[in-house]
Amino acid sequence: MLANAAHDLDLNRLLDALLADRRIVAGDVLEVLERAKARPDEHPLEVIAELAPVDAQQPHRPLRLDTLCRWLADRVGQPFLQIDPLQVDLVRVAGLMSAGFAQRHGILPVAVDDDSVTVASAQPYRNAWEADLERSLGKTVHRVFASPQQIRQLGPTFFDLARSVRGAGHQSARRIGELEQWLELGARQPQTANDDAHVVNIVDWMLQYAIEQRASDIHLEPRREQGHLRLRIDGLLHAVYAFPTGVTLAMVSRLKHLGRMNVAEKRRPQDGRLKTRLPNGAEVELRLSTLPTPFGEKLVLRLFDPQHQHEDLQCLGLDGTVLAQWLALLEQRQGILLVTGPTGSGKTSTLYASLRHLATPQVNLCSIEDPIERLEPALNQLQVQPALDLDFASGVRALLRQDPDIIMIGEIRDRETAQVAVQAALTGHLVLSTLHTNDACGAITRLQELGVADYLIKASLLAVMAQRLVRTLCPACQGARAAAGAACHTCRGTGFHGRTGLFELLRLSDSLRERITPATDLAGLHRQAITEGMRELRRHGHNRIEQGQTTAMEVMRVCG
């Protein structure tokens, strides 16, 4: 028994058990006891974890809270649960008990079915609440052990969000219209508008949660019966929550207002931007895009994490010979450098990192984008505006009158843009841009398809870099827990955490330029590039596998 007379976990007995299991050394026990004197009300596992003592069984790893929780759950014979809010039906479980009851007993409902309810607790010997809950619900209680930190942090979120969703769900069509009206007028939120406050609370939670989960995109999708919230994490979409359709539409209206968009306009796609602040004070910028659908407006928010705002090329995954060659190409004073790949492969991040590398007080860097992805202090950025007849081609012509040294074109997507990019390169400018092609060699035939003459491609194109993003193995579990079907707090059981780039760099040599003809043999061009040292995307992927950074299945998924 590791508890005291009040059925609460006892620190001294826990430390004795850790010593008996050879998980902690005596010197650390004394330091934990000394620290505990100033923290009498803190959970004993958190007191131990705060010191981060060395795990005597694995000397290279400290005893973190997650490890201690798993150890204790195994010792008391209760399943351990790493609570994943993505997997919890918040409204349903929060209706099983009051927030006061859950807080008083230090518990959190996490699942429910017709016959039973699963309840998480960080005090395995407290059981006074079990009989009351079984009697009131008419269901069997299944206990699981969870981190005291998770229960403390997630409890208020669960109950507050569930209350907001229920409250906002009571809004009638008339109430939603009133909400949109005061949002459009920019009026202050009425103090009596509890439904409006619920919507504000839900939106705030959604933004904060998406940031905590490292999401790159938030999708709010209205449907006939329900609206769906999905997050793109490490390149893949994950279903998070299903809201009543009325709540979803009210959330879209709230976000459109924050993004300075026309709340009343629902027939046309719109774009907007907003900033939100993290608890640590850092600002996160979001780009908004709406799309009319039969059931209301779909809204996608692209998040730009400030931690990645200043990543250099090495952080993106460029390394070794390819990095050295790309840096050397950036030193050229004129010509075109292209980055290719499908949507979401990190092309824009590579361009921004390249421009940050080039940014000095001695050069004038200009860009034209659709839309401006990130506001960069070192760049003079121009936004494409079709309504004002300002497209990529006319924008580049305008930039050429601004005495630029380096020009970044967001994307070459038509003949006119390709031709002005070539002209800019031939008149003494370094031009960086993107193309949608599967590999580096494919950029040459794509330029030909856009109507660029062969001799102009030979004269202006310096190099093409194709890229992809692959998920990297979770540093906490290295994919082992995911393979075993067990949860991991860091990667939520996926086995992956974060992404890195795969790169294929084609540098145009004289022999390769000779192969650019009206009937270019793409396969022959590719073989010649390999002979001259080009490393294919798959080869870079194999290197990542050998380095233990990713898996063969992940490389196959991304590279085909």
- Item | Arg287 and Pro371, any side-chain heavy atoms less than 4.5 Å apart | yes
- Task: Assign the ring pair Phe243 / Tyr241 to parallel, tilted or perpendicular, where the plane angle (0 to 90°) is split at 30° and 60°.
- Result: tilted
- Identify the residue among Arg135, Lys139, Arg143 that makes a salt bridge (Lys or Arg N to Asp or Glu O under 4.0 Å) with Glu130. Arg143
- Task: Would you indicate whether Arg268, at its atom CZ, is surrounded by more than 12 heavy atoms from other residues, nucleotides or ligands within a distance under 6.0 Å?
- Result: no
- Message: A quick test of your reading: do over 12 heavy atoms of other residues, nucleotides or ligands sit less than 6.0 Å from CD of Glu46?
- Response: yes
- Task: Output yes when Arg214 and Asp234 qualify as a salt bridge under the 4.0 Å nitrogen-oxygen rule, no when they do not.
- Result: yes
- Item | Pair Ser147-Gln149, side-chain donor/acceptor within less than 3.5 Å | no
- Task: Check the surroundings of atom CG in Asp8: do more than 12 heavy atoms from other residues, nucleotides or ligands lie under 6.0 Å from it?
- Result: yes
- Message: Testing the 3.5 Å rule here: is there a donor-acceptor pair between the side chains of Thr350 and Gln467?
- Response: yes
- Query: His43 side chain to Ala122 main-chain N or O, any donor-acceptor pair under 3.5 Å?
  - Reply: yes
- Query: Quick one: do the Gln270 and Glu265 side chains pair a donor with an acceptor below 3.5 Å?
  - Reply: no
- Item | Phe80 and Phe145 aromatic ring geometry - parallel, tilted or perpendicular at 30°/60° bounds | tilted
- Message: Check this for me: does any side-chain nitrogen of one of Lys256 and Glu297 sit under 4.0 Å from a carboxylate oxygen of the other?
- Response: yes
- If you measure from the Lys or Arg side-chain nitrogens to the Asp or Glu carboxylate oxygens, is any gap between Arg273 and Glu285 under 4.0 Å? yes
